[in-house]
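Pasting in a structure now, in structure tokens, and then I'll have a few things to ask.
We use all heavy atoms of the structure for the numbers below, so side chains are in, but hydrogens, waters and symmetry mates are not. Order of the sequence lines sets the chain letters (A, B, ...), proteins ahead of strands, with each chain counted from 1.
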Amino acid sequence: MSETPANPPALRCQGIAKNFGANRALDGAELAVPAGSIHALVGENGAGKSTLMNVVSGLLAPDAGRVEVFGKEERFGSPLEAVAAGIGMVHQHFMLAEAMTVAENVALGRRASPLGLRFDARRYEAEVERLSAETGLAVDPRARIEDLSVGLRQRVEILKALARGARMLLLDEPTAVLAPPEVRALFSTLERLRDAGRTITIITHKLDEVFALASSVTVLRRGKTVFAGSLEGLTPEDLARKMVGEAREVAAGELPVGGEILLDVKGLRADFSSGTGLHAAEFSLRAGEVLGVAGVEGNGQDELAGALAGTLAPSAGAQIRLLGRDLLPLGVRARSEAGIAFIPPDRHRDGLVLEFSLAENLILRDAFSPGRPCSRGPFLDRARIRASAAERLQAYGVHPPEPDLNAGALSGGNQQKVIIARELSRKPKVILACNPARGLDVGAAAAVHEKLLHAARGEGAGVLLISSDLDEVLRLSDRVAVLYKGTLREIGARGVTKDEVGRAMVGA
Amino acid sequence: MANGNAQAKSSATFHGPILVLGLVLLLAVIVKLCGADPRQAFEALLRGSAGSSVAWGQTLASMAVLCFSGLAIAVSFRAGIFNIGAEGQFVAGAIAAAALGTRVLPEGVPAALGLPLLLLAGAAAGAGWSMLAGAMKRWRGVSEVISTLMLNLVALILLRYVVSYPFLLRDPATIEGKGAPLPDGAALAGWGGTGFHAGVFLTLPAVALLWLLVFRTRAGLSLRAAGLNPTAAHACGIPVERVRMLVFALSGALAGLGGAMAMMAAGRLTKQLYPDYGYMAIAVALAAGLHPLAVLPSALLFALLETGSKAMERSANVPSEVIFLIEGLVILALLSRGIRLPGTRVAASAAADAGGEA
């Protein structure tokens with residue numbers, strides 16, 4: 001990083017370490033943000049980005065290392081001290097009082113008058129107006145937060161930080177909640193703030209955003225800084241490689257040559273009070289192939305997955321056969337014993353018990369099945385459960401691979417890998433994968449895709465990939481279908497264009 | 001992340017030491033506010049609950065009642081069922097055991113037959129009473145908080161009814177409100193003139209078995225999963241509805257067993273059989289962090305308070321209701337300290353969000 005005296009770093013972290021129990025979140029992380037620039041902090045889920053930002057913003061005290069802000073060493077005991085040093089943090093989940101106005105939120109936590117008794121709304125409204133004019137962040141100071149869009153709420157968060165005298169802004173995944181036009185507005189805002197001399201750090205794992213906005217980048221991997229420097233001369237591929245460690249290309253492999261039909265579905269109807277339902281879906285799935293089902297969410301995906309997994313009962317007249325065996329009368333457990341694996345769309349809601357250890361989560365499917373290797377009679381075989389968990393966590397690249405850790409302590413990507421490990425290690429015949437890479441960064445997504453493809457190509461499972469991510473569907477699938485308003489329509493084999501599928505997704 | 005861990009652990013720890021300290025302090029303040037001398041009140045409390053073999057006998061018998069009902073509450077809360085009907089299930093167990101003992105079994109029934117039969121009848125009746133609420137929840141979507149609470153009232157009225165009419169369970173030889181005496185082979189006699197009876201020993205295997213069930217068996221894993229995240233448990237093939245029904249039955253059986261035992265120790269059914277102990281059991285279970293092993297010391301603590309408070313009222317002139325006040329405050333304090341009930345996922349998911357991207 002260029003560190004001439006004329007351009008001293010506004011923020012410098014050296015050798016930051018932070019442990020959460022046995023989990024080493026930061027392990028000597030380094031960060032230097034040049035003053036008056038936009039810097040990107042990137043890394044996979046669980047790399048330590050948010051932890052590092054929490055250290056800088058005073059939410060967490062580091063176990064080791066030093067933090068320098070505008071050339072002065074700081075040891076923040078609370079977020080307020082970080083604010084006083086000129087640091088403004090904009091969290092991914094906004095910290096706003098929804099029933100209060102913009103001006104009131106900007107005033108929150110600050111002393112309104114010498115005794116703190118009188119609240120002068122005018123003064124803060126004027127302050128918001130002044131800041132709005134100065135930065136171009138237009139927002140009505142008298143509007144209630146609950147009436148504002150997500151993009152506007154984010155503006156309020158930024159204004160709040162600026163009103164407290166922030167010279168440096170830290171934004172945690174600022175675009176995760178925004179629609180595309182809002183993203184563009186945010187970017188121009190940030191550029192304007194930078195031109196006005198403020199220093200900005202954004203945390204992201206979207207590489208196109210890094211190149212669109214930042215001039216320098218720090219890459220974290222497993223709590224360590226693996227790269228820091230200017231973006232000049234770097235390609236997104238370079239950066240992705242640095243984030244992940246080694247190049248992990250997902251090779252789709254050879255086309256399967258007409259394996260036997262595993263799953264045969266006819267006349268699958270589902271009608272529930274919510275959602276569009278499902279209209280007579282019909283398809284078959286062969287061994288070794290990936291059938292991708294694209295579609296905008298809420299077009300029958302939950303119904304399709306639930307009816308196949310057994311969590312929802314379809315309407316009469318449906319036929320679901322696995323290798324000729326009728327699955328309809330079987331419940332969830334019997335279906336999973338028959339060879340159906342289910343990677344649910346929402347890992348927190350349907351996939352994991354967050355308060356359970358990883359080992360316990362890995363045997364959830366076996367809990368009610370006598371004779372599974374996890375038990376001796378009615379009792380849990382704890383030594384075997386731990387050993388098998390350690391082995392599977394290792395094999396599926398879960399970090400950290402600690403069987404006794406609570407699932408809630410893992411990052412999203414690693415939680416997803418735990419589910420994949422539980423489902424795929426049972427050697428299923430058919431895998432129902434719903435948005436398997438949602439919210440995951442490049443590396444974790446590639447790992448998940450690799451496991452799914454391996455199960456299909458290497459072990460002859462059939463994969464039904466139900467996803468709202470069109471790129472994911474096109475990259476992995478041998479055949480592509482689209483769900484639109486509850487109707488499943490097959491579009492074509494591999495090689496079908498994004499245009500064709502995109503049109504079908506909106507009913508054209 | 002560390003937060004997530006601490007959260008999960010806190011629900012499984014016994015808060016004994018804090019509890020004792022908090023109790024002593026609160027008691028001192030409240031007694032003072034009542035205008036009495038805290039020292040004298042403490043002395044009376046201890047003398048009344050642990051100052052003699054008679055006092056200990058009464059305390060341990062109360063502990064047994066609280067222990068069974070406390071286990072009933074702990075196991076159902078763990079499974080995400082807010083069964084607050086231990087009171088009614090206890091009474092149902094007592095009525096069934098009394099009916100069997102005085103109406104069905106012959107006068108000269110041997111103890112080896114009479115005692116287990118009556119206890120079983122109590123457990124079965126408690127389970128049945130509880131499953132009424134379970135069935136209403138499963139097939140009609142009635143919240144078990146409402147149904148178990150209402151069933152408590154029904155059970156109490158039923159109790160008053162059966163001991164009021166001679167052709168039911170009332171002892172024709174006494175005034176209204178007392179059941180007929182049990183045959184000797186069905187009663188639990190007190191030891192050496194105290195309230196202590198052999199049934200108290202049953203609390204030990206009960207606590208141990210419940211611990212084994214909850215933490216060391218597949219069924220226990222299913223039960224806890226169904227409590228913490230029923231949708232995930234369902235998606236993983238755990239029959240959540242069936243697990244819930246079994247937990248309703250188990251928890252009712254525990255409370256009903258306690259009711260039968262208490263009635264057998266009294267020698268007959270009475271209108272005032274440990275009133276409100278079914279509600280106190282909620283406090284016992286919460287203070288134990290819903291951990292079966294911790295239910296025993298927790299029950300002992302509350303039993304000491306309960307028996308001691310009567311003596312305190314007599315000799316230190318402090319109303320025994322003060323103990324209720326203190327119990328309430330202690331539970332509020334424990335709840336605000338972060339004992340989380342299964343089914344309330346706020347704290348857990350917030351911790352996961354905070355740690356999720358770190």
Side-chain angles (χ1 to χ4, degrees), chain A residues 19-21 23 25 45-46 48-52 54 92-93 172-173 203 306 309-311 331-337 342 344 346-356 360-361 363-370 372 374-375 377-380 382 405-412 415 422, chain B residues 1-12 78-80 209 211-243 246 290 340-358:
Chain A
N19 296 323
F20 295 108
N23 187 358
N45 286 324
K49 305 179 301 260
S50 296
T51 309
L52 184 56
N54 286 339
Q92 193 177 354
H93 303 281
D172 189 359
E173 308 259 358
I203 300 178
T311 56
V332 181
R333 178 165 52 96
R335 289 190 199 193
S336 97
E337 277 163 12
F342 181 32
D346 182 334
R347 54 183 164 265
H348 285 179
R349 192 189 64 198
D350 314 306
L352 295 170
V353 179
L354 294 178
E355 299 85 346
F356 269 12
E360 286 175 313
N361 271 294
I363 58 162
L364 269 190
R365 276 221 182 272
D366 307 322
F368 233 82
S369 310
R372 293 289 308 177
C374 69
S375 56
F379 295 102
L380 298 170
R382 306 204 317 140
L405 206 62
N406 272 2
L410 259 57
S411 67
Q415 288 174 342
R422 180 178 70 212
Chain B
M1 312 186 160
N3 219 359
N5 270 329
Q7 206 88 40
K9 277 194 191 110
S10 81
S11 68
R78 279 247 176 220
L209 284 174
W211 172 79
L212 211 59
L213 171 74
V214 170
F215 291 110
R216 290 289 185 267
T217 64
R218 283 186 289 114
L221 184 81
S222 310
L223 180 157
R224 286 181 289 133
L228 289 166
N229 188 350
T231 34
H234 178 55
C236 284
I238 294 172
V240 174
E241 294 293 339
R242 221 164 75 208
V243 168
L246 288 171
L290 306 183
R340 198 165 31 75
L341 301 178
T344 53
R345 296 182 50 80
V346 189
S349 54
D353 276 351
E357 298 295 312

> Which of these, A:Ile363, A:Asp350, A:Leu364, sits in a side chain to side chain contact (heavy atoms under 4.5 Å, CB included) with B:Cys236?
Replying inline: A:Leu364

>> Please classify the contact between A:Arg335 and chain B as side chain, backbone, both or neither, with a heavy-atom cut-off of under 4.5 Å.
In response: neither

> Considering only heavy atoms, which portion of A:Thr311 lies under 4.5 Å from any heavy atom of chain B: side chain, backbone, both, or neither?
Replying inline: both

>> side chain to side chain contact (heavy atoms under 4.5 Å, CB included) for B:Leu212 and A:Phe379? Distances and angles first, verdict last.
In response: CA-CA 9 Å; B:Leu212 211 59; A:Phe379 295 102; 3.7 Å; yes

> Among B:Thr217, B:Ile238, B:Val243, who wins on heavy-atom pairs under 4.5 Å with chain A?
Replying inline: B:Thr217

>> If you count heavy atoms of other groups shown closer than 6.0 angstrom to CZ of A:Arg382, is the number above 12?
In response: no

>> Is there a side chain to side chain contact (heavy atoms under 4.5 Å, CB included) between B:Asn229 and A:Phe356? Walk through the geometry before answering.
In response: CA-CA 10 Å; B:Asn229 188 350; A:Phe356 269 12; over 6 Å; no

> Closest heavy-atom contact between A:Asp366 and B:Arg218?
Replying inline: O-CD, 4.0 Å

